[in-house]
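This report refers to the structure that appears directly beneath it.
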Protein chains: 2
Amino acid sequence: MSRAGIHAVALEAGVSASTVSRVFNCPQNVAADTRGRVEAAARRLQYRPLGAGRMLRRQRSEVLGVVLPTLHNPVFAECLEGIAAAAADAGYAIQLATTEYRPDREQAAVAALLPRVDGLVLVVSDPARAQALRAIRAAGLPYVLAYNRHPRHPCVSVDNEGAVAELVRELHRRGHRRIAMLCGDLRASDRSRARHRGFLRGMAACGLPPGPLVEVAFDDPSTGGLAAVLDGAVRPTALLCSNDLLALRALRAAHRRGLRVPQDLSVTGFDGIALGAELVPSLATIAQPNHDIGAACVALLAPAAQAAAPLAAAASRLLPHRFRPGESLGAPSADLPT
Amino acid sequence: MSRAGIHAVALEAGVSASTVSRVFNCPQNVAADTRGRVEAAARRLQYRPLGAGRMLRRQRSEVLGVVLPTLHNPVFAECLEGIAAAAADAGYAIQLATTEYRPDREQAAVAALLPRVDGLVLVVSDPARAQALRAIRAAGLPYVLAYNRHPRHPCVSVDNEGAVAELVRELHRRGHRRIAMLCGDLRASDRSRARHRGFLRGMAACGLPPGPLVEVAFDDPSTGGLAAVLDGAVRPTALLCSNDLLALRALRAAHRRGLRVPQDLSVTGFDGIALGAELVPSLATIAQPNHDIGAACVALLAPAAQAAAPLAAAASRLLPHRFRPGESLGAPSADLPT
DNA sequence: CTGTTAGCGCATTCAC
DNA sequence: GTGAATGCGCTAACAG
C-alpha cells in the first residue's frame, strides 16, 4: 500500500517523471498548469518522495549527526536545541546519538552515523584519545567538536581554564580564602581537567594554597568526598563546582548539614543551565552560551558539509562566557575563622 | 576524494560486489580468508558504505523520527534519552525535530521527516487538531504519540487526570482546604487540560470549591497571575502546579514574597524531572516514568516500522505514575485561617 | 561459498 | 517547458 513512486505520479498526471521531479525541486521551471496537474496527481496518490533515491542521486543526505554524552545534563539539552534550530534553518535534519560518556559508545555511535550523514557535531570525553575521531577523519567527513578543546580538532568552546581562574579571583575579592573545588570525573572529561587547571592557576595567582579537590564520578549519586570536606574541622568558605549539576548537589548537601548558603558556605557552578537562575538560592555560575555553541557548530559545519570538505582545526571558535551572579555566592561570615 | 564504492573494494580484493556486501551484512556466509581479503581492501580504500544505496534497495531507512515540543523542559529531554537508548538497542537511528509547541512547526517537522524515516514518535500540542497527524496517516507511516492521549491515536502516557485527582485528595488528607492550580497554557496542551480536569474532579470529590486557576503561557517568564493569588487576602495553603517547571517558578515566587515552603504554602508539581529531587526544598510531584515512556514508544514502534504497518489506537499504553513526596509539601500551618 | 544479473526511486544530463 | 535516457551504490534472487 505504501509506495506510490514518482513514476506513478507522472503517469497519473500525464507527464514524465522528470517533470514531477522538477515540480518538487524547481517549481519555477515548470508551467503553472502542468504544475497544477502534477500537484493534484501527487495529492491523489498520496505521493511521498522516498528520500533514499534523492540521497543516492545527489550523493548527500542533508543530515547532520549529533553525538552527545547525555541529555540528563541540561547543558547538552540546551546545546542540542541550538543545534536543532540552526540545522533546521540551514536545511539540515539532525540524527542524534548519546554515549553516556563511554568511549566505546562514541565509537559505536559514529560508526552508525558515518554512512548516513554529511557531517558530525560531537562532544567527546577526550579529544586526544577518542578513537571515534580517528574514524571520522579517516572517512574524510566534516565534523566539529562542541565544548571540547584541542589544537588538532575544530572546536567550539569557551575558555574553561581562564573562566575558572577569573572566578577564583572574584571569590578572593569577596573575601574568600579557603576555597575547595568539587570536580566531575577528571579522567572522563577534558572540561573538568581544564577547569581544574583554572582553579590551580587562580589560587596561585591569589597567593592561596590550593584547597582540597573532591572528585565525583558522573554517575555517582553520593557525595561521599564532599561530606568529608564539609564536615572537616576547617571548612572551606566557598565551594567551586566544575559544573552546575554538581553545584546543585552541593547546595543540597550543605542544606542537609544545616549549613546556610551563602552565609556559611558559598557555592558556584559552571555551565549556566537555565534552571540555575530559577533556584532558591539562585546559582552563581560561569554561564556558557549553550544555545549559541550549538548554533555555531552548525554554522561552521553546514558549509563544510555542503562542500564535503573537512574543517581545519584553525576554524575553531572560542565563544565568550560570562559570570552570572547568584544568591549562592556571598562574602564569608565575619564570625568564621579566617 | 571521498567515495570508494563497494565495487572499488570488490576490484581491490579480487571478488565481486556481492561478496563485499555479504562481508558487511552476513559475514558468516563468507569464507574466512575471503573475508579477510575484503576487510583488508576495505580498510586500504577507507571504504565507507553509503547508506542511501542500502535504503533504496531495502526500501527502509532504519531511522525513527522524533518530534518534541522543546528540550528546554527536562521531561522531554529525559524521554528522548529513553527513546535514543531503546532505538539504538533496536537497531534504529533517530532523527530529531523540535517544534516549540507550534502546530505549524509540527507540520513542517513531519513533512521533513516523512520521506526519510520508517516511523515517528511525537509529542503534539493537541492530537485532536494536529494537521501533522493527518499527514502521517495519509502517508500510511507508523507513529505513536508520547504524553498525549486520544482515543483515535496510538499513545503512550499516564493517567494525567486521575493522578491529579488523587493528588488533590492527598492534599485534602493533609489538611489543605484552599488549593489553587497553576496551569500551563490550556489551549496549547492536552496534558494541561487533562490535569485541570483532574483538579476539578478531585476538588469536587473532596467537597471543596474549586480554587482559583492561574494560567501561564509556556514562554511567559513572568508570574503575574500567580502574584495576584499569592498576594490575595485569602491565600491558598497549597499550590498545585501542572508541571515541574511551573512549580519551580512558584517556589521562587513564594520565596520572593517571604512565604516559607511548605509552612506558609505547599507546592506540588507534575512530571517528575530528575532535578526536582535535588532541590531545596525537594519538589513533591507526580512522577512520570519519562525514560520508560520513550522506551515504550520505541518498543511499540520498532516492530510496526519493521512491518511497515501502522499501529492501531488500541495499542496505546498507560504507564504507571507515582506520587513522589518532597519537602515542598506539608500540612497547612495551624495559625493560618481555615 | 561466490558471481551474475537486475533494479530499488530519484535527479540529472541532453535533446527537442 | 518537457521528455528520454542514464546511473548513483547497494542488496536480493538465482545459478552454479
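In what follows, chains carry the letters A, B, and so on, assigned in the order in which the sequence lines appear, proteins first and then strands, with residues in each chain numbered from 1.
Spacing between atom CG of N29(B) and atom P of dG3(C) amounts to 14 Å, rounded to whole angstrom units. The interatomic distance linking N25(B) (CG) with dA13(D) (P) rounds to 13 Å, in whole Å. Atom CG in L45(B) sits about 14 Å away from atom P in dG9(D), given to the nearest Å. Rounding to whole angstrom units, CZ of residue R22(A) and C1' of dA4(D) are separated by 11 Å. The CZ-C1' distance, from R58(A) to dG9(C), rounds to 13 Å in whole Å. Summarising the geometry, the separation between CZ on R54(A) and C1' on dG7(D) is reported as 17 Å, rounded to the nearest angstrom. Whole-Å rounding puts the R60(A) CZ to dA11(C) P distance at 13 Å. Between the CD1 atom of I6(A) and the C1' atom of dT6(D) there is a distance of 15 Å, rounded to whole Å.
For R57(A), counting side-chain heavy atoms from C-beta on, the closest listed nucleotide (dG3(D), dC10(C), dG7(C)) is dC10(C). Residue L56(B) has its side chain nearest to dG9(D) when only dA11(C), dG9(D), dT2(D) are considered. Candidate nucleotides dC10(C), dG7(C), dG3(D) were compared by shortest atom distance to the side chain of P49(A), and dC10(C) ranks first. Taking every side-chain heavy atom of A31(B) into account, dC1(C) is the closest of dT11(D), dT13(C), dC1(C).
Between the side chain of S316(B) and the backbone N or O of H153(B), at least one donor-acceptor pair lies under 3.5 Å. Within the 3.5 Å criterion, the main-chain N or O of R105(B) finds no donor-acceptor partner in the side chain of T99(B). For the pair R22(B) (side chain) and V30(B) (backbone), a donor-acceptor distance under 3.5 Å is absent.
With the nearest nucleotide of DNA chain C identified for both A52(A) and T34(B), T34(B) has the one nearer the 5' end. Comparing V15(B) and G53(B) along DNA chain C, the residue whose closest nucleotide (by nearest heavy atom) sits nearer the 5' end is V15(B). Along DNA chain D, the nucleotide nearest to L50(B) and the one nearest to A17(A) differ in position, and the one closer to the 5' end is contacted by A17(A).
Checked by distance alone, R48(A) brings no side-chain donor or acceptor within 3.5 Å of a matching partner on the base of dG9(C).
Using a 4.0 Å heavy-atom distance criterion, Y47(B) is classed as a sugar-phosphate-only contact. Residue S18(B) is in base contact, counting any heavy-atom pair closer than 4.0 Å across all strands shown. Residue-level contact check: V20(A) touches neither bases nor backbone, having no heavy atom under 4.0 Å from any strand.
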Residues R60(A), E62(A); criterion salt bridge (charged side-chain N to carboxylate O under 4.0 Å, His left out); working and verdict: CA-CA 6 Å; R60(A) 51 171 58 238; E62(A) 317 264 66; 3.5 Å; yes
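Checked for salt-bridge contact, R193(A) and D126(A) meet the test: a charged N lies under 4.0 Å from a carboxylate O.
Between T19(A) and dT2(D) there is no side-chain polar atom (N or O) within less than 4.0 angstrom of OP1 or OP2.
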